[in-house]
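Taking it in order: structure first as structure tokens, then the write-up.
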Amino acid sequence: MNENKISKVKPVLWEKTEKRAVRCNICHNRCIIPEGKVSRCFARKNVSGKMELNTYGLASSVAVDPIEKKPLYHFHPGTKVFSVGGWGCNFRCKHCQNWNISQSLQKEAVHFISPDDFVELAQEYNCKGVCWTYNEPAIWLEYTIDTGKLTKKKGLYTAYITNGFMTTEALDLMSPYLDAFRVDLKSFEDEFYREICGVQSAKGVFETTIHAKDLGMHIEAVTNIIPTKNDSEENLRNLARWIVKNLGEDTPWHVTRFFPCYQLMNLPPTPIKTLHRAEEIGREEGLNFIYMGNVPGKSVTKCPENFKKYNS
Ligand code: SF4
């Protein structure tokens, strides 16, 4: 496949609406895109009343990482993962560390990677799996499906590093080719999602994460704890309780340290004692595996059996 064939790739989960506009049903924004316009996530566009893809195969970032860096601690530990990111995002997170790729599409900086090349590169670098990461993978769903199919045929594992805001119907399309769902559970409160992430509600994230669990995917959750925004005892307890109830007590919960970034430069880094408190709360609520992230000396998986299994 070359770039000229991108326009031939059929977009999924869209419908026509009034006045030659189109609606996208890939994430809970369910955007209506007027004729001639590009979607808020940059990944789709309305050309003459029909949906077309805008970023298929256009990579912003490619790396070979330890799987633990994602972070995924109980999923093929000790292996290398081929990590690819695209452009754009369905969120507008004020603390985004990758805002230069998630909030723009810099046409001069794109690299087209065909699905065949994607898998060949993963194998060439001796990766045991691939992940779509750095920006929200669901927004280029068609590309992750095409690359996921080829990746699974080669016997490699696959993982989404996701904000979880895709619809359940989008996840259904991806699920035959998806093994792990590393999801941000940013807050239990809609207000946080509105003020910090620029979307209406947290509800879709929790619904879709339960769906991922029902589909049998491996799940790990991350909460980046931001001072004064989502660090209340009540919010952290609600999150931990929800994970135990809906995902199970053995679900890893990564509580990570916030550092001032992008539009939240006015806030201080998360105090270490807040992370310790989150860890305590998680234990009190019944979680067995809580990991602190962005804290020196704390990034050690407690899953030694898995480590032996995947490295023998
Ligand atoms: S993926 Fe989400 S943000 Fe992008 S066009 Fe579709 S509904 Fe809108």
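Ligands are counted one by one from 1 in listed order, and the atoms in each one are counted from 1 as well.
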Verify whether one side chain among Asp184 and Asn163 offers a donor that lies under 3.5 Å from an acceptor in the other. no
Ion pair Glu285/Arg237, N-O distance below 4.0 Å: yes
Proximity of Trp99 and Tyr262 rings by center, below 6.0 Å: yes
Listed protein N/O/S atoms, distance to atom 8 (Fe) of ligand 1 under 2.8 Å: Cys31 SG
From the list Tyr157, Phe75, Tyr73, ring pair (Phe, Tyr, Trp, His ring centres under 6.0 Å) with His218 holds only for Phe75
So if I apply the salt bridge (charged side-chain N to carboxylate O under 4.0 Å, His left out) rule between Glu15 and each of Arg30, Arg23, Lys50, which one comes out positive? Arg23
Return yes when atom CD of Gln97 has more than 12 non-hydrogen atoms of other residues, nucleotides or ligands closer than 6.0 Å, and no otherwise. no
